[in-house]
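Below: the structure, in structure tokens.
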Amino acid sequence: MTMMTPSPLEQQEDEEMLVPHQELSTADAAQPMEVVAQTEPTNTAESQAPEDPQTSRFTWTIENFTRVSGKKHYSDVFVVGGFKWRVLIFPKGNNVDHLSMYLDVADSGNLPYGWSRYAQFSLAIVNQIHQKYTARKDTQHQFNARESDWGFTSFMPLSELYDPSRGYLVNDTVVVEAEVAVRKMIDYWTYDSKKETGYVGLKNQGATCYMNSLLQTLYHIPYFRKAVYHMPTTENDMPSGSIPLALQSLFYKLQYSDNSVATKELTKSFGWDTYDSFMQHDVQELNRVLCEKLEDKMKGTVVEGTIEQLFEGHHINYIECINVDYKSNRKESFYDLQLDVKGCRDVYASFDKYVEVERLEGDNKYQAEQHGLQDARKGVLFLDFPPVLQLQLKRFEYDYMRDTMVKINDRYEFPLQLDLDKDDGKYLTPDADRSIRNLYTLHSVLVHSGGVHGGHYYAFIRPTLSDQWYKFDDERVTKEDTKKALEEQYGGEEELPQVNPGFNNTPFKFTKYSNAYMLVYIRESDKEKIMCNVDEKDIAEHLRIRLKKEQEEKEHKKKEKAEAHLYTIIKVARDEDLKEQIGKNIYFDLVDHEKVRNFRIQKQLPFNSFKEEVAKEYGIPVQSQRFWLWAKRQNHTYRPNRPLAPHEEAQSVGQLREVSNKAHNAELKLFLEVELGLDLRPIRPPEKSKEDILLFFKLYNPEKEELRFVGRLFVKALGKPSDILTKLNEMAGFSPNEEIELYEEIKFEPNVMCEHIDKKLSFRSSQLEDGDIISFQKPSIPGGDTQVRYKDVPSFLEYVHNRQVVHFRCLEKPKEEEFCLELSKLHTYDDVVERVARQLGLDDPSKVRLTSHNCYSQQPKPQPIRYRGVEHLLDMLVHYNQTSDILYYEVLDIPLPELQCLKTLKVAFHHATKDEVVIHSIRLSKNSTISDVITDLKTKRSNYPILILSSACLKFSTTRFIRYFHLMRR
């Protein structure tokens, strides 16, 4: 859509606030503020479709304008994109001293419920004397029943409109123009970036939008992408352990995939854990580290030197004496340049500041070899610029007055074409190669939206350097215009005119928090080389095969997921699983269902057919199989509850799952009972009556501290435990008459409940039922020769329930495990530090200081545990709703209780002339003053400079004074 160029007068005016035409009053004064967010949509993609819009221009000539009666005046209806529109004006202003003008949906009252439409439009008052001074404003809006009109409450001052000499009102006639482009509404649930733009986005892992914007920028430098493809990798490499392979894989998917691409393999190759992906890192640092890694990997290969060829430039740092013939030069390379934003109106102003000459004179004279202290000029000039120029804009800086980082949101302009040869090459050294034309065209604009503590990153990129820009916002890619990519990313302030002139004469200003923080320019003379063609032949065959296989697996999983509603997962536990797991992986209950055999069975399959599949899998005849349903009891234990009835086995798998599974998930959990004959071959299970109870048995050995599964038995409800003692001894391998004690395992959460069983009472009297667990052991002998820690089943289960293996790490090396200790969650603070001190060979446990682990960041918590600040070990390990098994330790030079009574300060000494910083840590009592700090510092550094402070400051307590401060020479 072609828009008419605004007049110089219009460009000088402040941006108007876009509001619906509702009558404005004092009571409504706050109303426009609610609409401010809509004046500049945060994502054009939400309102702009990629295809060409349907556009039309409507001209409305209003004769006898000054005699128009009524507050509102509507134009005739015109049609654009199949929709009816009209222009609405307030000739005397909508309660403001400006002409108010809006675009209105003409038939909004007759449209169906929930209607909406999107349009970009401009409204203009034609200057009938000088066409170039036509007043024009443009905007965009999603129209709906609540906001059926949209436009400008303060379009232009009434004083200008009604002044005949200005050319807007001629012969009492005003000419209004409306240019409307109707675009298709985009449903981003179904939006297809590849289909609409030809490009795909990158998935955000949590806070990786900054990385995504950088990766998209690098990917769309074809020469860089080709070099990455040509880096040698092998089919045995794993992307998660190889940055080159992970980047090749990522770029390949960006080039050939139809959907957004994940970055987890790449971040894993960086050595990041999950938490790192939820932390915003420094973009410049990431760019440098990535390029350094790739540069190192490219050595000795066909693409060696690519990074330097693309991104490396050189500048000369010089110091030139004024009164003697002495000059010092130092050549340095750079991959990117950091340009000041604060105090600079545009990129050229930043370059001017970069090469600004500093005079070294007075107390700051330069020490020249053989000439002593001399007046001198110090500065930087460029020897050469790289083909791809990366400019890091210093949007973030440290504010020393506020002792915090701040974001610079000042307006900062950058051109579409950047000429670094301007003013006769003032940025270049005299010996720079002037035959190279340093004219650059803008390729990418990386944007940060938000504040210093967080925000969102995205990129505007011209992949082919054409006029078409694209916005890469994580998974979404949309087409954008040049204004959106450039002017709207300059930052600065926007000014809104007053809504009620009689009440407030000061226009409201608001800061634009979305602005460019990195620019990528490509040199015109290198454009053909850098914007080269990259196709499949540039990609290693093993990579193509690997990614094709990955795609097939992905499609298979997708198919499985789509068909999941047709299948049921049946998890079958057997005696063998109980023997394998109890005493190793688990101690309570019977089995971990995540570690048993799974069967994926169609829901329509008869259960008897499933039994045939089990027969093939385990070699157990169908007639020898009896399946039990599991049930979750009120005490949160999970036990076999009842066998399947014949009529249930005749049902389909899907019907059986629905009947048995109250949770309505896709799983059916079963226990397979198989009885063996004398020849140890499967036989038909015996009939089970209501008097029969299925019990499971575990054996405990106090000397070995071992618990294991030994089998199961059917017992009669009216029978007694004494009736089965001989059988239990046989299962345990004891003599038939061995005396044993029996315990029922009842529950283990939140506390262990394990009760002794009276062998003389019936099973029914002991309230035993199907699926219950009995643990037995030889009775403990008081004062016996063998000392045991846990003499019976209840004490052993209590120990297991509270047992905690803690991994200790030195606080100075938080990633490296030093040693492990088996402790109890009930251990006190003193118990824990005593065990640690014993492990470290320390005589004084109070010199051990512990720090808890942050389960989310996988890092030590910022504050250590205070002396006896927690009651039990469990309190040290719990972080919100998660429990860790990691603690950090440090060995102090003084006892922790004593240290807690002192204040520790860190003082940074910055040398006045040398690039030297020395950090001193000092400890003083909490009621010390700054005078005490200075006294202590003098003992640490004999030639320490004198710190000039007022007498009032010297009396400040250390808790009132800033912790970090700079010492300046007198």
Side-chain angles (χ1 to χ4, degrees), residues 271 273-275 583-588 700-707 748 751-752 786-792 794-902 904 921 923:
D273 53 29
T274 305
Y275 178 75
K584 297 177 183 177
N585 301 322
I586 64 171
Y587 290 88
F588 304 100
Y700 174 57
N701 185 330
E703 295 177 2
K704 294 183 178 180
E705 295 181 5
E706 177 185 85
L707 185 72
F748 51 89
N751 300 308
V752 172
T786 306
Q787 294 294 320
V788 295
R789 291 197 301 169
Y790 310 104
K791 64 179 182 178
D792 54 26
S795 61
F796 175 73
L797 291 179
E798 190 72 39
Y799 152 71
V800 171
H801 185 258
N802 293 307
R803 179 175 57 184
Q804 179 68 58
V805 175
V806 181
H807 302 264
F808 285 90
R809 301 176 182 178
C810 178
L811 189 63
E812 294 179 353
K813 301 175 181 178
K815 293 289 186 182
E816 300 176 16
E817 184 177 319
E818 296 262 336
F819 58 88
C820 296
L821 292 177
E822 185 182 288
L823 304 170
S824 169
K825 294 174 185 176
L826 301 180
H827 274 163
T828 65
Y829 174 90
D830 288 345
D831 293 332
V832 176
V833 293
E834 185 179 335
R835 288 289 304 276
V836 174
R838 194 188 314 159
Q839 175 72 26
L840 297 173
L842 294 176
D843 296 329
D844 187 355
S846 67
K847 289 186 178 180
V848 173
R849 181 161 66 176
L850 301 175
T851 301
S852 295
H853 180 70
N854 186 316
C855 299
Y856 299 103
S857 68
Q858 298 298 311
Q859 297 288 335
K861 287 187 179 179
Q863 298 299 324
I865 298 170
R866 294 182 63 81
Y867 180 70
R868 293 178 178 170
V870 295
E871 194 169 345
H872 296 112
L873 171 64
L874 184 60
D875 301 321
M876 301 181 189
L877 301 178
V878 171
H879 179 67
Y880 293 107
N881 60 342
Q882 293 194 30
T883 302
S884 167
D885 62 353
I886 298 171
L887 283 177
Y888 303 88
Y889 75 89
E890 52 187 323
V891 180
L892 307 173
D893 56 344
I894 60 174
L896 181 55
E898 184 181 333
L899 179 64
Q900 288 179 178
C901 296
L902 302 176
T904 301
S921 291
R923 292 179 189 148

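From a predicted model like this one, the values you see are computed outputs, not experimental measurements. These numbers come from the heavy atoms of this one structure, side chains and all, not from hydrogens, waters or symmetry mates.
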Side-chain touch [X]/[Y], heavy atoms, less than 4.5 angstrom:
| X | Y | value |
| --- | --- | --- |
| Y587 | H801 | no |
| V806 | M876 | no |
| L899 | R923 | yes |
| S884 | H879 | no |
| L821 | F808 | yes |
| T883 | V878 | yes |
| L877 | L887 | yes |

Quick one: side chains of residues 831-843, donor-acceptor pairs under 3.5 Å with protein atoms, not counting sequence neighbours, listed by atom name and distance.
from	atom 1	to	atom 2	distance (Å)
D831	OD2	T828	N	3.0
D831	OD2	T828	OG1	3.0

Quiz item: Does a sphere of radius 6.0 Å around NZ in K825 hold more than 12 heavy atoms from other residues, nucleotides or ligands, not counting ones at 6.0 Å or beyond?
Solution: yes

Quiz item: Just wondering, more than 12 heavy atoms not from E812 lying within 6.0 Å of its CD?
Solution: no

For [X] and [Y], work out which heavy atoms get closest and say how close.
| X | Y | result |
| --- | --- | --- |
| Y888 | Q858 | OH-O, 4.2 Å |
| L896 | Y829 | CD2-OH, 3.5 Å |
| T851 | K861 | CG2-O, 3.4 Å |
| Y799 | R789 | OH-NH2, 3.6 Å |
| P702 | V788 | O-CG1, 3.8 Å |
| P814 | L811 | CD-O, 3.6 Å |

Would you tabulate the side-chain donor-acceptor contacts of residues 862-873 under 3.5 Å, counting partners in other chains and residues two or more places apart, or write 'none'?
from	atom 1	to	atom 2	distance (Å)
R868	NE	D830	OD1	3.2
R868	NE	D830	OD2	3.2
R868	NH2	D830	OD2	3.0

Practice problem: Mind checking the NE2-CD spacing from H827 to Q804? Nearest 0.5 Å is all I need. | Solution: 11.5 Å

Exercise. Find the distance between CG (L823) and CG (N802) and round it off to the nearest 0.5 Å.
Key: 12.0 Å

Practice problem: Scan for salt bridge (Lys or Arg N to Asp or Glu O under 4.0 Å) pairs involving residues 799-811, sequence neighbours excluded, and state none if there are none. | Solution: none

